[in-house]
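Below is one structure; the comments refer to it alone.
FYI, side chains are in, hydrogens and waters are out, and symmetry mates aren't considered; it's all heavy atoms of this structure.
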Amino acid sequence: MGFQNATREEWVSARKLLLEKEKEYTKAGDALAEQRRQLPHIKVDEPYSFHGPNGPLTLADLFEGRKQLIIYHFMLGPDQKEGCVGCSFVADNVPVYLQHLHSRDTTFAMISRAPLEQIEAFKKRMGWTMPWYSSFGSDFNYHFHATNDESVAPVMSNWEDKESLEQKGKLFFTRGEQSGLSVFIVGPQGGVYHTYSGYERGVEGLLVTNQLLDLTARGRQDQLPHGIKALGWLLHDRYNGE
């Protein structure tokens, strides 16, 4: 949009109208969050295995003794030398200090299908400190739709099956590594339960950078003329002049 000039009185009037919409949006978000919390829980019986810096781990181990676990499915497969740019943008937006989450009995971690050595090398390059584990050799990614391979599990992306995805021309989502977020809780007798998963724009709540840009007049600046999408994010060590 072009530059818009106004008097102080005109600006205050427009701001008050927007404030009412912002309040509606906030209340709608609160109501949606409550509905999300009311989703039923699914017991996880599969003995998934993971690899961390200190050796093999179970899904229960990833909680680090806390009640809840948030996992970000980071797109880094066994045949990839560096992580997905979009997932890296998400990781850059994850709080450096996870103690605030920990104070709410909640652990955050990332999981990729790449072997741990690849994960550790890229993590060191990016300077990230959050827990990041490998699910290499496990069916975890396939069962939680973070990797699509119909020879292992039915194809599913954002709750759409392969036929639906193909009909919509979304072939990228029918194979290979996929991003997303899954949430778990410790239930009765110490069992692990799956409570939520989100994909595609369902993880946008993690992107503080976008939320800050949304407050500015120029916004996210991710649209070219004619509505062509061009996000333009880079790995943070590839921006020039910084």
Side-chain angles (χ1 to χ4, degrees), residues 1-41 66-74 84-108 110 130 145 157-160 164-165 168-170 173 178-185 194-234 236 239 242:
M1 63 183 295
F3 188 86
Q4 298 186 77
N5 193 20
T7 65
R8 182 68 180 178
E9 290 74 18
E10 291 170 335
W11 183 89
V12 170
S13 178
R15 182 65 189 91
K16 286 181 176 180
L17 289 175
L18 180 62
L19 178 60
E20 293 306 312
K21 293 183 178 180
E22 288 176 335
K23 289 179 178 180
E24 292 175 7
Y25 179 82
T26 299
K27 291 177 181 178
D30 290 343
L32 183 62
E34 177 60 29
Q35 291 179 46
R36 187 181 298 119
R37 289 191 290 272
Q38 297 305 317
L39 281 173
H41 303 167
R66 301 184 185 93
K67 184 73 173 178
Q68 299 185 121
L69 171 65
I70 301 170
I71 287 176
Y72 180 70
H73 302 289
F74 191 107
C84 157
V85 173
C87 291
S88 297
F89 180 56
V90 171
D92 284 338
N93 280 269
V94 171
V96 174
Y97 299 104
L98 295 174
Q99 289 90 334
H100 300 297
L101 276 177
H102 298 169
S103 74
R104 298 300 188 262
D105 218 6
T106 301
T107 296
F108 177 89
M110 301 198 302
M130 75 284 280
H145 314 303
S157 180
N158 205 24
W159 317 117
E160 294 187 83
S164 175
L165 292 166
K168 295 179 179 180
K170 301 169 73 173
F173 298 100
Q178 309 294 326
S179 62
L181 179 146
S182 293
V183 184
F184 304 87
I185 192 169
H194 177 215
T195 66
Y196 180 79
S197 282
Y199 306 91
E200 298 185 29
R201 295 195 69 178
V203 303
E204 279 197 359
L206 298 177
L207 302 179
V208 176
T209 299
N210 278 353
Q211 293 178 40
L212 289 171
L213 288 171
D214 283 344
L215 301 175
T216 71
R218 296 184 64 190
R220 302 183 186 186
Q221 303 164 56
D222 58 3
Q223 291 281 2
L224 290 175
H226 312 298
I228 299 173
K229 201 76 170 175
L231 297 178
W233 303 116
L234 302 176
H236 64 238
Y239 286 102
E242 294 198 25

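Under the rule for a side chain to side chain contact (heavy atoms under 4.5 Å, CB included), the partners of Thr107 that lie at least two apart in sequence or sit in another chain are Glu64, Arg66, Leu69. Residues that satisfy the salt bridge (Lys or Arg N to Asp or Glu O under 4.0 Å) test with Glu9, not counting sequence neighbours, are absent from this structure. Legend: residues meeting salt bridge (Lys or Arg N to Asp or Glu O under 4.0 Å) with Arg36, ordered by chain and number and at least two apart, are absent. The side chain to side chain contact (heavy atoms under 4.5 Å, CB included) search around Ser88 returns Phe74, Phe122, Trp128, Leu235, not counting sequence neighbours. Checked against ring pair (Phe, Tyr, Trp, His ring centres under 6.0 Å), Tyr72 has no partners two or more places apart in sequence or in another chain.
For Asn158 (side chain) and Glu200 (main-chain N/O), no donor-acceptor pair under 3.5 Å exists by modelled atom type. Checked by atom type and distance alone, the side chain of Ser13 never pairs as donor or acceptor with a backbone atom of Glu10 at under 3.5 Å. With His102 contributing its side chain and Arg104 its backbone, the two residues share no donor-acceptor pair below 3.5 Å.
If you take CG on Leu207 and CG on Asp214, they are separated by 10.0 Å, rounding to the nearest 0.5 Å. Note that the CZ atom of Phe184 and the OG atom of Ser197 stand 6.0 Å from one another [nearest 0.5 Å]. Thr209 contributes atom OG1, which lies 6.0 Å from atom CH2 of Trp233 (distance to the nearest 0.5 angstrom).
Using modelled atom types, one finds a donor on one side chain and an acceptor on the other under 3.5 Å when comparing Ser182 with His73.
Taking the six-membered ring where the residue is Trp, Tyr199 and Trp159 present perpendicular rings, their angle passing 60° and hence far from 30°.
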Report all side-chain donor-acceptor pairs from residues 20-33 shorter than 3.5 Å, counting only partners two or more places apart or in another chain.
| residue | atom | partner | partner atom | Å |
| --- | --- | --- | --- | --- |
| Glu22 | OE1 | Arg15 | NH1 | 3.1 |
| Glu22 | OE1 | Arg15 | NH2 | 2.9 |
| Thr26 | OG1 | Glu22 | O | 3.0 |

